[in-house]
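Quick note on labels: first sequence line is chain A, next is B, and so on, each numbered from 1.
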Amino acid sequence: MPKNITLEVLRYLPENGAEPVFQEYEVPLRADWVVLDALNHIKDYIDGTLSYRWSCRMGVCGSCGMMVNGEPILTCAAFLEAFAPGPIRVEPLAHFPVVRDLVVEMNDFVNKLKNVKPWVIRKTEKLLSEGEHRQTPEELADFKPYTMCINCMLCYSACPVYGLEPGFTGPAALALAQRYNLDNRDQGNDERMEALSNDEGIWACTMVGECSEVCPKDVDPAGAIQRYKLAGAADWWKSLITRKSK
Amino acid sequence: MDSSSDYSLHHPKWHRDQKPIFWWIRRWVYICFIAREMTSVAVAYSAVLLVLLYRALQSGPEAYTELMACLSHPAMIVINVFALLAVLYHSITWFNLSPKAMVVRLGRWRVPDLMIAGGNYAAWFVISAVITWAYLAG
């Protein structure tokens with residue numbers, strides 16, 4: 001096995017005003033190293049100017065998502081050995097503006113998350129004397145997979161619709177909306193449907209399915225959106241019938 | 001990316017990658033996706049053809065014979081074979097996706113994905129068999 005592996009890292013230095021270019025770094029190929037370890041090695045020992053995001057180093061924080069050999073992946077879960085003999089091409093997450101090197105601008109995603117109202121909405125508050133909101137294991141199981149999202153944005157990078165139509169609400173935000181819609185304590189389904197049953201919401205999704213493939217937490221946003229579409233279609237028919245019967 | 005996003009001195013110039021027109025040839029899954037989207041044209045064509053057949057039947061034997069003569073042309077046969085394959089591909093991928101959208105519960109039991117897709121295939125088979133029987137018997 002070779003002792004080293006080459007990383008081709010996309011560098012973008014806005015102060016230079018130049019287009020991004022690939023820079024090669026040779027790092028030790030160790031069995032227990034992931035791509036993030038290699039980036040940390042570069043930062044610590046080779047080139048301290050390299051910028052990227054990371055935090056937990058164990059697939060929980062969702063900060064270290066990057067394009068590795070063209071695939072959106074958490075770099076803390078991508079072992080160097082899997083890409084041997086290399087080279088390994090590391091780029092910032094696709095479809096997002098690049099701030100510097102491997103750091104992307106994520107305001108758009110954060111704003112979209114906020115728009116889907118990802119919290120329990122109650123039309124009528126239950127009195128404390130009436131007891132707690134009960135939930136069966138089946139009711140919990142219905143939405144629990146969608147609670148596993150770590151907002152890593154890999155699904156946005158895998159989604160060509162988001163790349164082509166930046167107005168699209170996107171997989172993670174829609175899956176999160178569905179997480180609350182399916183929660184039996186929530187009463188905000190109508191509010192969310194009004195905001196998301198449109199060309200930039202659920203109906204923009206053309207079911208490529210890659211969002212679910214790249215999700216490191218098996219959230220299945222594609223499935224969530226298809227279920228949402230079915231509910232949206234039923235809602236539309238219901239409104240049509242009630243309008244006609246009036 | 002929303003152009004109205006905050007812009008500050010610390011972000012002097014963001015780099016935005018342009019999506020090339022042939023972005024979909026980079027990966028096999030994207031090629032399959034675009035192929036599936038393209039088969040929608042064949043689905044629309046088949047629907048129009050069905051309407052034309054119905055209209056010809058309604059107009060009488062002459063119109064029907066004329067349409068059949070047109071459809072017997074080798075070029076039309078090639079087009080229709082291609083359309084049939086495209087519609088089959090579209091239908092199969094559609095049925096395979098159906099469990100993604102449909103979550104069916106019978107009491108506390110959630111119907112497995114395989115059974116939902118299987119139900120669609122069974123319905124497709126039964127309806128096709130009935131139509132074939134009606135055609136052969138008629």
Side-chain angles (χ1 to χ4, degrees), chain A residues 10 12-20 67 70-71 91-101 103-112 136-139 141-142 156 158 160-167 182 206-210 212-213 220 222-231 233, chain B residues 1-41 43 89-113 116-117 120:
Chain A
L10 196 74
Y12 173 60
L13 303 167
E15 64 271 23
N16 292 353
E19 287 294 296
M67 304 300 285
E71 301 277 339
E91 296 166 85
L93 282 178
H95 307 153
F96 290 97
V98 183
V99 176
R100 185 185 185 87
D101 295 341
V103 180
V104 295
E105 165 57 45
M106 44 199 262
N107 274 3
D108 185 50
F109 170 65
V110 174
N111 289 337
K112 279 170 178 165
T136 66
E138 289 79 21
E139 284 167 337
D142 218 18
Y156 282 76
V161 178
Y162 182 66
L164 294 164
E165 295 173 33
L182 296 174
T206 48
M207 186 61 204
V208 182
E210 275 301 282
S212 298
E213 292 298 322
D220 190 15
I225 299 170
Q226 304 327 301
R227 283 182 76 178
Y228 211 159
K229 280 184 188 171
L230 200 65
Chain B
M1 174 72 205
D2 184 0
S3 57
S4 66
S5 292
D6 298 335
Y7 203 79
S8 75
L9 284 171
H10 304 293
H11 299 163
K13 188 188 168 198
W14 294 338
H15 172 72
R16 291 165 199 269
D17 225 354
Q18 295 298 317
K19 217 165 173 58
I21 192 162
F22 290 111
W23 59 269
W24 48 275
I25 58 170
R26 289 178 178 177
R27 294 181 65 189
W28 179 243
V29 279
Y30 292 156
I31 293 173
C32 291
F33 161 69
I34 290 292
R36 187 175 185 281
E37 294 290 291
M38 296 297 281
T39 56
S40 303
V41 177
V43 174
Y89 178 72
H90 193 93
S91 308
I92 289 165
T93 49
W94 175 264
F95 288 144
N96 289 347
L97 288 176
S98 58
K100 287 252 179 213
M102 294 168 73
V103 174
V104 182
R105 285 190 186 282
L106 296 173
R108 298 177 79 167
W109 180 63
R110 182 177 165 169
V111 179
D113 289 357
I116 292 175
N120 279 306

Engineer: Select one option (side chain, backbone, both, neither) describing which atoms of T206(A) are under 4.5 Å from chain B's heavy atoms.
Structural biologist: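 Both backbone and side chain.
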Engineer: State whether the side chain of Q226(A) and the backbone N or O of A222(A) hold a donor-acceptor pair below 3.5 Å, judged by distance alone.
Structural biologist: yes
Engineer: If I measure from the heavy atoms of chain B, does E19(A) come under 4.5 Å with its side chain, its backbone, both, or neither?
Structural biologist: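 Just its side chain gets close to chain B.
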Engineer: So which part of D220(A) gets closer than 4.5 Å to some heavy atom of chain B, the side chain, the backbone, both or neither?
Structural biologist: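 For D220(A), the contact with chain B is made by the side chain alone.
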Engineer: Of all the heavy-atom pairs spanning E210(A) and A158(A), show the shortest one and how long it is.
Structural biologist: CB-O, 3.7 Å
Engineer: Which heavy atom of S98(B) sits nearest a heavy atom of A117(B), and at what distance?
Structural biologist: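 The answer is OG-CA, 4.0 Å.
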Engineer: Give, as side chain, backbone, both or neither, the part of R26(B) having an atom under 4.5 angstrom from any heavy atom of chain A.
Structural biologist: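 It is neither, since no heavy atom gets under 4.5 Å.
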Engineer: Please verify the inter-ring angle class for F96(A) with Y156(A); under 30° counts as parallel, over 60° as perpendicular, anything in between as tilted.
Structural biologist: tilted
Engineer: Please classify the contact of E71(A) with chain B as side chain, backbone, both or neither, using a heavy-atom distance under 4.5 Å.
Structural biologist: side chain
Engineer: For I225(A), is it the side chain, the backbone, both, or neither that has a heavy atom closer than 4.5 Å to a heavy atom of chain B?
Structural biologist: neither
Engineer: Flag the one option from E213(A), M207(A), K229(A) with the top tally of heavy-atom pairs under 4.5 Å to chain B.
Structural biologist: M207(A)
Engineer: Considering only heavy atoms, which portion of I34(B) lies under 4.5 Å from any heavy atom of chain A: side chain, backbone, both, or neither?
Structural biologist: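 For I34(B), there is no contact with chain A at all, as no heavy atom is under 4.5 Å.
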Engineer: Determine yes or no for a side-chain-to-main-chain donor-acceptor pair under 3.5 angstrom, with N120(B) supplying the side chain and I116(B) the backbone.
Structural biologist: yes
Engineer: Classify the angle between the aromatic ring planes of Y12(A) and H15(B) as parallel (below 30°), tilted (30 to 60°) or perpendicular (above 60°).
Structural biologist: tilted
